[in-house]
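Side chains are part of it too, since the values below use all heavy atoms of this structure and drop only hydrogens, waters and symmetry mates. None of the values given here were measured: they were computed from a predicted structure.
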Amino acid sequence: MEKQAEDKQRWVHMLLLLDKYRVLIIFLALILVASLLSDAFFTASNLLNVFRQVSIVAIVSVGMTLVILTAGIDLSVGSVMAFTGAVAAGVITAGVAFPIAILICMAIGVLMGAVNGLIVAKGAVPAFIATLAVMVIARGMTLVYTQGNPIVISDPGFRFIGGGSVFGIPFPIILMLLIFIIMYWVLKHTTFGRYIYAIGGNEEAARLAGISVNKVKVAVYALAGLFASISALIYTSRLMSAQPNAGMGIELDAIAAVIIGGTRLTGGKGGVTGTIIGALIMGVLDNILNLMNVSPFYQDIAKGIVILVAVLVDSKLAKLKK
Amino acid sequence: MEKQAEDKQRWVHMLLLLDKYRVLIIFLALILVASLLSDAFFTASNLLNVFRQVSIVAIVSVGMTLVILTAGIDLSVGSVMAFTGAVAAGVITAGVAFPIAILICMAIGVLMGAVNGLIVAKGAVPAFIATLAVMVIARGMTLVYTQGNPIVISDPGFRFIGGGSVFGIPFPIILMLLIFIIMYWVLKHTTFGRYIYAIGGNEEAARLAGISVNKVKVAVYALAGLFASISALIYTSRLMSAQPNAGMGIELDAIAAVIIGGTRLTGGKGGVTGTIIGALIMGVLDNILNLMNVSPFYQDIAKGIVILVAVLVDSKLAKLKK
Amino acid sequence: MGHLLEMRDIKKSFSSIKVLKGINFSVKAGEIVALLGENGAGKSTLMKILAGVHEPTDGKIFLNDKEVSIDGPKHSQELGISIIHQEFNLIPDLTVAENIFLGREQQGVRGIISWKAMHTETNELLKKVGLKNVSPTQLIADCSVAQRQLIEIAKALSFESDVLIMDEPTATLNNEDTQTLLNLMKALSDEGLGIIFITHRLEEVVKVADRIVVLRDGEYIGSELVANVTKDDMVTMMVGRDITDLFPERTTPQEEVVLEVADLSVRNRLYDVSFKVKKGEILGVAGLLGSGKTDLSKALFGLHKRQSGSISMLGQDVETPKEAIDAGIALVTDDRKSEGVILDLSVYENLLMPFYRRISKTGILNKTKMDQIVDKWINDLKIKVHEPHVEVRTLSGGNQQKVVLGKWLQMNPKLLILNEPTRGIDIGAKTEIYKIMKDLTNEGIAIILISSEMPELLGMANRIAVMHEGRISGELPIEEATQEKIFYYATGGDTHGKTS
Amino acid sequence: EEASSNAEGEESGDSYKVGLAMNTLNNPFFVDLKDGAEETAEAEGLNLVVTDSQGDPGKQMSDVENLLQQNLDLLILNPVDSDAAAQAVVLANERGVPVITVDRQASGGDVVSHIGFDALRSGTIAATYVEEVLGGSGNVVEIQGILGTNVGRDRSQGFNDHLEGVDGINIIAKQSANFDRGQALSVMEDILQANKEIDAVYAANDEMVMGALSAIESAGRLDEIKIIGTDAIDPALDAIREGRLSATIAEPPYFLGRESIHTALQVLADESVEELILLENTLVTEENVDEIETRSK
Ligand SMILES: Nc1ncnc2c1ncn2[C@@H]1O[C@H](COP(=O)(O)OP(=O)(O)OP(=O)(O)O)[C@@H](O)[C@H]1O
Ligand SMILES: Nc1ncnc2c1ncn2[C@@H]1O[C@H](COP(=O)(O)OP(=O)(O)OP(=O)(O)O)[C@@H](O)[C@H]1O
Ligand SMILES: [Mg+2]
Ligand SMILES: [Mg+2]
């Protein structure tokens, strides 16, 4: 009887493992297909290229993962990106040293995120509508601040964030990995991380357990704002100019990455590993379609179908587990 | 004791009523303010104007309400609008009589909605990602079909849908009211309507009660597709041309209308009355900002703030009830 | 000696509805007080006030003779009160250990969890409540209802508080686990804890409680030492009248077989299950925690994909819930919160849900007809609700259970599967439900009664099947059934050799 | 009533109310256009009401309806889409409000005057230049604007139509970056990965060309590739001065705005105006970059 129980446990563990890495399997399959379709794909230079391109969405998506794990959502990330990027460029243009501009940018990101969090937590407003309103407001603020024109950055030092490399690895990729590793660890091993899951799993129970639900929520949205501002820095640095249109629609990509990565939209289940892979899946898809010079008219269709197949396969694999 | 019970019942009913019409109070407040701010606002011609403008989003929002009540979401409505509108224009241009073109357009809308429903129900894919994929695919299909060009409609009879009036009331408004009334009744007085709430409230319990959850879901998404195609007809008729970019971003407006209208994003609670009012709130807002000649850069900010205030007031009113 | 805890003239209203009308209540250190009353009497509400969930409309609370006001769950914990709520407050996707220590995790550096320490302590707590086969790293989602109940108890114990409130902790437990729990309660009270114990099983009260406090309809009825009253006295205090025969006389089953199950297997859950149920028969199903009773009920209803075997309902094969319903099977599940009721819909709608298909061929609902049905079942089951249009969420636990029952009873099924049907239901309502079951069998309806309550099985069933590790390890005609025999089979019986 | 208000208006322009229904305002091209109009209107004492349809032809229809609720004397329409704009023009016609279109034409209704650049011609100029600098042979990349807008479509068509006639030139990649700098950057990066030999890149606006330029510079392939943009926004002109960008096609939007107000004033003063006022689009290269004027000084 002991023996049987052990066997069962091993089985369960294997399935859980499979469950966790389902999306990885799909990703690897995509990589394989892409390599077969274009010689230019599986080269070090192109892979670094893809990773660097993905970093912007991926970093935003990590923040989105936290928010979604609490059963929330943050539609404002794109506008926050635009506004914080514009401010960074604005203060640099005004003569502030760029490292300080970076800090200002991130501080504003945190602040805007915290505002989202306060409205959601204290105001008891559904996250969707609260962050939608903030999204609209922040976009308006960006337009007012930039007057609809890009702000060009002249300080060449700023180029490093988006264009620099360390030991041959582009800096945006390093930033992405750093943020990923830190948040992975935070989610697993800190009370804050576990409270995020608890709140998403059953907010009432979390409250009854004495968790300061509101504080955790504000912190989570603030982090999402912070990560959006970091993405803004990469984006702004890559273009060496702040764009009033920056980040438009990125919230959908980020949410898609989170869900493809297996995090549940209603909260409490998931994590950042899947999200990063989800973002990579979409990045690889864009890249291979461009490499193959698929007509733009057909790119959308191809992209949609691959996403659909990926999630359908995922859902079938999930069923297999049962 | 009988007396007391009756009193109780009246109390409960009053509270439920207040609860239901919270959003109406906010709407009326907005109307009042708008009337004070601009003389041009509270005139029959402008009010009809606002209602006509709102009808497109409102009709889409009714479908969105159904979907959200089942705890789903439909991001594809905008693309479905674009594609069905393009097909309608295309077949009219090809010489098909416009009433038949209308039927074809609606049939395709239902079909595309049903595809959403099937992926969500049978494929067990989260609605967000399923409809996101369909959104991208349908947009691509529209681009391929139109080759990126608008399709001009020459049949003047088609103008009636978006531009005609019956007894002085613009036809889009009549369509909107008709759809609203029918769906209001369906949600209240048919088993189908009640199943929608049951599924959104507790899908597992609904399944155990023998409800064909999948069928209901497919039907709901199909209706959302149908309503999107009806909106597409109005839109296409108003512009007398099908636009490949039609309906872009309308899903966010529709979801916002639903949530402002008090339907819960996690399903099971809400209804179409609130949604229509939610859509009107946003329409009035756009209108009054234009009438007051608020600079476009500041319009977004103003709009976001009003929405925020509306939902915050709503949430406070909801708390008052307790 | 002073009171550990005292509540004076506590009143509570929701909107205009008076739920508590001036309750006096106290516990001393080392005392076990049983709080008794019918469903909806106000027991849970009174306890939630202590737990900081509700604020009293009026009244005073004293701890160690000092007046306190309790401002929320956390404060209540800090004051030394811990509670096991009637409805579970566990988070399905977190582990057992995390749930037990939620909000109070062991931390090395502040904010960073020490998993090892937490798991060690969890193991000890689980042992204390007699929960085997559950690891601290297991997800709550993978635990059965009974396991969850014991985990809730472990959680409450971990607070090491002065007052322990247990709101129907035994409702989902079988005899053995109940006994373990009662022993534990004794031990804790010997250590000086004050325990408030809510239950509808009076024999448990007699076993452990020192004193009873009775509520009826939100009114304080009285308090007596257990030594001074009989069970019948308690019932009279609760219900306001005598209840003589709990169980009605059995119906003799007819010859015709309604359900025939042959070699049914479900992967990792059920193995070679075979049995028959006849018209008008009540087949009882017994078994220890995790023996597969719930899985069996779900498999019969088409909710589990079967690996092999057949389920034949009056000759029809059953594979999906819809087929099951069409064939005349109704299932009352044991997890009412996640499978039984739709909390946001009204009592009215919940009652009608499975019936919608029948009352309305066109899909259009007929109000008069619906009103009649709802009225009938609210009256028959004595569902305590001031208005059928309020959300089920606001009902007391027992009354929610009645809604689940009512919803299926009115379907006139041919086979009724009842999984823990009287969980949390008061003694008065229980007799009503037993009477209804009797009437149903008289009409030829077959019933599968899954229960962890031994007296209920012995009192109602015609035949008892005992489960062990997903198999039927024995079947006993009621004449031969005794607690001892059932326990023998439940722990493996003569199949023991085969399974390991 | 209308006549009397017109009569008064002749003395002091400020009693005239003119609506400007803009296509979008989060693109520098259109912001410049609006600035040109606003600044000129202010100088002329005209009451200008501006709306922004955020690139949505349906919203533009509503904007026009809302503007018409306010007793306009004249409507300046910057169409999102020519075909859709026809309905808005018709609507204004029905209310007796004269219409001027700017940048894009409306394909129906009565328009007093159209002021714009020729997008087809812009594409053709770019193609001719490409042919010239490459000496008639080479690999060319085209980065397109939003497919489904007239400008995006026409510039692409002008460009392709011309190059189809040139045998030595191959368009090896053709991708859309939606007039967006960030998207152009990613798209160009991918194209650079896939194609080892690229001789020229044409982007349908300067926003995109700046994005493509970043990608090409990062890849260190600036010397191999000639880059051509469109619009002549300031950063692009600077890039030409620095020798990083080969050329752009000047379509200074500011002048469109200014011209539209001047034309409006003429219409309101009952003077006759040209039905079609096409401003000159000029090729800007190193040679003439310092002579080009994109704004009134
Ligand atoms: N939030 C609420 N809103 C309205 N009424 C409520 C609410 N909570 C409880 N009630 C009502 O208060 C009464 C007492 O409920 P309570 O849960 O205390 O009963 P109980 O004695 O614990 O019953 P049971 O034995 O069934 O658990 C019930 O009639 C219930 O409907
Ligand atoms: N979702 C699940 N995943 C994994 N194991 C499960 C799941 N649900 C139940 N089990 C396990 O399957 C076994 C049978 O459970 P079942 O609920 O049928 O038992 P039961 O006899 O009804 O016991 P109880 O008295 O606890 O309700 C138990 O060991 C339980 O832990
Ligand atoms: Mg209770
Ligand atoms: Mg069970």
Side-chain angles (χ1 to χ4, degrees), chain A residues 71 73 75-76 79 119 122-130 132-148 244 248-249 251-253 255-256 258-260 264-266 278 295-312 314-316 318-319, chain B residues 71 73 75-76 79 119 122-130 132-148 244 248-249 251-253 255-256 258-260 264-266 278 295-312 314-316 318-319:
Chain A
I73 200 152
L75 299 180
S76 73
S79 299
I119 301 170
K122 296 264 170 189
V125 169
F128 194 97
I129 198 79
L132 182 73
V134 171
M135 157 176 144
V136 175
I137 295 172
R139 184 66 63 186
M141 280 163 54
T142 310
L143 285 176
V144 170
Y145 186 80
T146 63
Q147 286 298 311
M248 226 172 227
E251 65 282 355
L252 285 186
D253 285 336
I255 299 170
V258 173
I259 301 179
I260 292 176
R264 192 169 55 183
L265 197 51
T266 49
S295 142
F297 287 156
Y298 288 94
Q299 283 209 7
D300 277 351
I301 300 184
K303 196 173 165 183
I305 290 178
V306 175
I307 292 179
L308 213 49
V309 170
V311 286
L312 279 169
D314 185 71
S315 132
K316 282 280 162 274
K319 260 194 199 154
Chain B
I73 199 152
L75 299 180
S76 74
S79 299
I119 300 171
K122 295 265 172 189
V125 170
F128 194 97
I129 198 80
L132 181 73
V134 170
M135 156 176 146
V136 175
I137 294 172
R139 185 65 62 185
M141 281 163 56
T142 311
L143 284 175
V144 171
Y145 184 82
T146 62
Q147 286 298 308
M248 228 173 227
E251 65 282 354
L252 286 186
D253 285 336
I255 299 170
V258 173
I259 300 179
I260 292 176
R264 188 170 58 180
L265 197 53
T266 49
S295 144
F297 285 157
Y298 289 93
Q299 285 207 6
D300 276 351
I301 300 182
K303 196 173 165 184
I305 289 177
V306 175
I307 292 180
L308 215 48
V309 169
V311 285
L312 278 170
D314 185 70
S315 133
K316 283 281 162 275
K319 262 194 198 154

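Note: A/Leu132 CG to B/Ile259 CD1 = 8.0 Å, rounded to the nearest 0.5 Å. Rounding to the nearest 0.5 angstrom, the gap separating the CG atom in A/Leu143 from the OG atom in B/Ser295 is 9.0 Å. Taken from CE in A/Met141 to OH in B/Tyr298, the straight-line distance is 11.0 Å, to the nearest 0.5 Å.
Listed here is the closest heavy atom pair of A/Gly304 and B/Val136: N-CG1, 4.1 Å. Residue B/Gly123 comes nearest to A/Leu312 through the heavy atom pair CA-CD2, 3.7 Å, listed as atom of the first residue, atom of the second, then distance. Considering all non-hydrogen atoms of both residues, A/Phe128 and B/Leu252 come closest at CZ-CD2, 3.9 Å. Closest of all the heavy-atom pairs between A/Lys316 and B/Lys122 is NZ-O, 4.5 Å. Taking both residues in full, the closest heavy atoms of A/Ile307 and B/Ala133 are given as CG2-CB, 4.2 Å, listed atom of the first, atom of the second, then distance.
Contact count against chain A (heavy-atom pairs under 4.5 Å) is highest for B/Ile255 among B/Ile255, B/Ile260, B/Val134, B/Ile305. Of the residues considered (B/Leu308, B/Val311, B/Asp300, B/Leu265), B/Asp300 shows the highest number of contacts with chain A, using heavy-atom pairs under 4.5 Å. Chain A forms more heavy-atom pairs under 4.5 Å with one residue of B/Pro296, B/Ala71, B/Ala256 than with any other, namely B/Ala256. Counting heavy-atom pairs under 4.5 Å between each of B/Leu75, B/Thr142, B/Ile129 and chain A puts B/Ile129 at the top.
Neither the backbone nor the side chain of A/Gln299 comes within contact range of chain B; no heavy atom of the residue lies under 4.5 Å from a heavy atom of that chain.
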